[in-house]
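Encoded as structure tokens, the structure appears first; notes follow it.
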Protein chains: 2
Amino acid sequence: MSPTSKVDELSSIKSAAPVDRSNQSDVAYGALRRLILDGALPAGAQMLEQEAAARLNMSRTPVREAMVRLRQEGMVEIRPRHGMRVLPVSARDMADIYDVLTALEGIAAETVARKGIAARPLAALRAAVADMGKALDAGDLVRWAEADERFHSQLVQLSGNTRLIQMVGQLWDQAHRARMLTLQLRPTPTNSVIEHAALVDAIASGDPLEARRIHEDHRRRAGKMLVELLERLGLTQL
Amino acid sequence: MSPTSKVDELSSIKSAAPVDRSNQSDVAYGALRRLILDGALPAGAQMLEQEAAARLNMSRTPVREAMVRLRQEGMVEIRPRHGMRVLPVSARDMADIYDVLTALEGIAAETVARKGIAARPLAALRAAVADMGKALDAGDLVRWAEADERFHSQLVQLSGNTRLIQMVGQLWDQAHRARMLTLQLRPTPTNSVIEHAALVDAIASGDPLEARRIHEDHRRRAGKMLVELLERLGLTQL
DNA sequence: AACTGCATCTACGTATACATTGTAAGGAAA
DNA sequence: TTTCCTTACAATGTATACGTAGATGCAGTT
């Protein structure tokens, strides 16, 4: 297991829905997606249908379907004679992604604050914030990232808006590699605990506009920091 | 041609990208999507793989791929023995969709205002607004809808944010049938010209926050009106 | 008449076959 | 050596084959 596996487990909402009726198509989709998120297939890596089929011990048909899905989610492109190719994520892409994420998670926060939040999910949010603090104290960035993702994931889920949930998940997946990469390079997210706590307070007190404002500011800052970091490091591709 | 075909042509950004390398898969995707958007396959309608294949004169394989794509876009569901089924859109769905659209188009407007807009696209936006006015004067709601869609489409395109463009397009597709249905039932959109003109002014004068505020208010109002209309009419499904 | 059990049939999931076409290697010419 | 052309190969797009699971319809029982 790679050191990032714990974070990866929570990196997408989809992974919360286990595959009951397992068909090969879903298996292929899950496996390929995981290879990409874990970095086993880095940006630019190519994989032929037959390669994947052989590796996963199935025929090309379900593999093709999985690739179609991954393409539609913006994870790979499909080039006629080169199989699928993992799309690199440029600094520009990250800027675009964070712009959209800012807006989407903003209304998620607003919606949750407006609908009101029950005791149990509120406690879960507070627990995630607490974990972030503990992880920072211990200097464990991976655990911090895990708690951070858990917080954001829960928040979006609480909105109850299916489309919102799906789209945010998709964007997270696309940004995942870059976030993991910069985890060790970025300045320590000292403020994150305070910011998240403030957001929770706004939600708990039923202040939709404030919740949205806080979360948007938060995401905007995080995005800006990340993009500048990538540009500074010349990491235009990953 | 159905009376709504003109509007449909502009209903999605994707249709702007013509199919050069025509493979059967794309043909199937386009054909099925069009059947759904045009209402030839209404909500709840089912279509077996073999039916579609026979109808489109191809084998099941490309049809399956098209169905996978449509499912991922939230247009249909796939049930093991019943083929694909066109997903109904409830009032609740429309509320969700418009919540997300509000946020997405809001940042689109903000982005365009921030980046600045060239003379030509600015003129195109103004032309769309003018067309809306003319259509209203003529009492031609279909033409109004066409101009309205063109305006919003151009605006989102101008943001240059690929993800944003793709996601907005997807949501439009999902909302398309409901919008067409209510076109004749809703109150005449008298204010739309004024509102859009104000948005264009904010963009032209480079005021991102004002542009965003105007557009969000606009979309929020439109969404609210639509949802209330659907609920009042008891149209919980379409 | 309603319900249950069984048989049949069909739609699908997956595998495989086949023709097409892009690619790359290898050779020839400059 | 470099560049262009030819040719062989291999990956893909699409069609088709095949086994399975679930749905449908019928018969028999209550």
Between atom [atom1] in [X] and atom [atom2] in [N], what is the gap in whole Å?
| X | N | atom1 | atom2 | value |
| --- | --- | --- | --- | --- |
| A:Glu65 | D:dG13 | CD | C1' | 14 Å |
| A:Ile78 | C:dG22 | CD1 | P | 17 Å |
| A:Asp26 | C:dC12 | CG | P | 16 Å |
| B:Met58 | D:dT16 | CE | C1' | 16 Å |
| B:Leu48 | D:dT24 | CG | P | 11 Å |
| B:Glu49 | C:dT14 | CD | C1' | 12 Å |
| B:Arg85 | C:dA11 | CZ | C1' | 18 Å |
| B:Asn57 | D:dA15 | CG | C1' | 13 Å |

message: Quick check for you: to the nearest 0.5 Å, what is the distance between B:Asp99 atom CG and B:Arg219 atom CZ?
response: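 Between B:Asp99 CG and B:Arg219 CZ, I get 12.5 Å after rounding to 0.5 Å.
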Note, B:Met84 side chain near B:Gln46 side chain (heavy atom, < 4.5 Å):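 They are not in side-chain contact.
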- request: Taking the side chain as every heavy atom from C-beta outward, state whether A:Ile107 and A:Leu164 have any atom pair closer than 4.5 Å.
  value: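 Yes, side chains in contact.
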- request: Carefully, step by step, assess B:Tyr98 and B:Glu105 under the rule side chain to side chain donor-acceptor pair (under 3.5 Å).
  value: CA-CA 10 Å; B:Tyr98 265 85; B:Glu105 295 194 19; over 6 Å; no
- prompt: Hey, does the side chain of B:Ser59 come within less than 4.0 Å of D:dA15's phosphate (OP1/OP2), counting only N and O?
  reply: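 Yes, because at least one side-chain N or O of B:Ser59 sits under 4.0 Å from OP1 or OP2 of D:dA15.
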Qualifying residues under side-chain hydrogen bond (donor to acceptor under 3.5 Å, both in side chains), relative to A:Glu77, sequence neighbours excluded: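 Once residues adjacent in sequence are excluded, the partners of A:Glu77 under the side-chain hydrogen bond (donor to acceptor under 3.5 Å, both in side chains) criterion are A:Arg85.
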query: Any idea which of C:dT14, D:dA15, C:dA11 is nearest the B:Pro62 side chain?
result: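 Among C:dT14, D:dA15, C:dA11, the one nearest the side chain of B:Pro62 is D:dA15.
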Using atom names, set out every protein N or O paired with an N or O of nucleotides 17-20 of chain C below 3.5 Å, distance rounded to 0.1 Å.
none

field: A:His82 vs A:Gln24, nearer the 5' end of DNA chain C by closest nucleotide
entry: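 The answer here is A:Gln24.
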- request: Check B:Arg64, B:Arg71, B:Arg69 against A:Glu65 for a salt bridge (Lys or Arg N to Asp or Glu O under 4.0 Å) and give me the one that passes.
  value: B:Arg64
Side chains of residues 87-95 of chain B: which donor-acceptor partners sit under 3.5 Å, not counting sequence neighbours?
| unit_1 | atom_1 | unit_2 | atom_2 | d |
| --- | --- | --- | --- | --- |
| B:Ser90 | OG | B:Arg92 | N | 3.4 |
| B:Ser90 | OG | B:Asp93 | N | 3.0 |
| B:Ser90 | OG | B:Asp93 | OD2 | 3.1 |
| B:Arg92 | NH2 | A:Gly160 | O | 3.2 |
| B:Asp93 | OD1 | A:Arg163 | NH1 | 2.9 |
| B:Asp93 | OD2 | B:Ser90 | N | 3.0 |

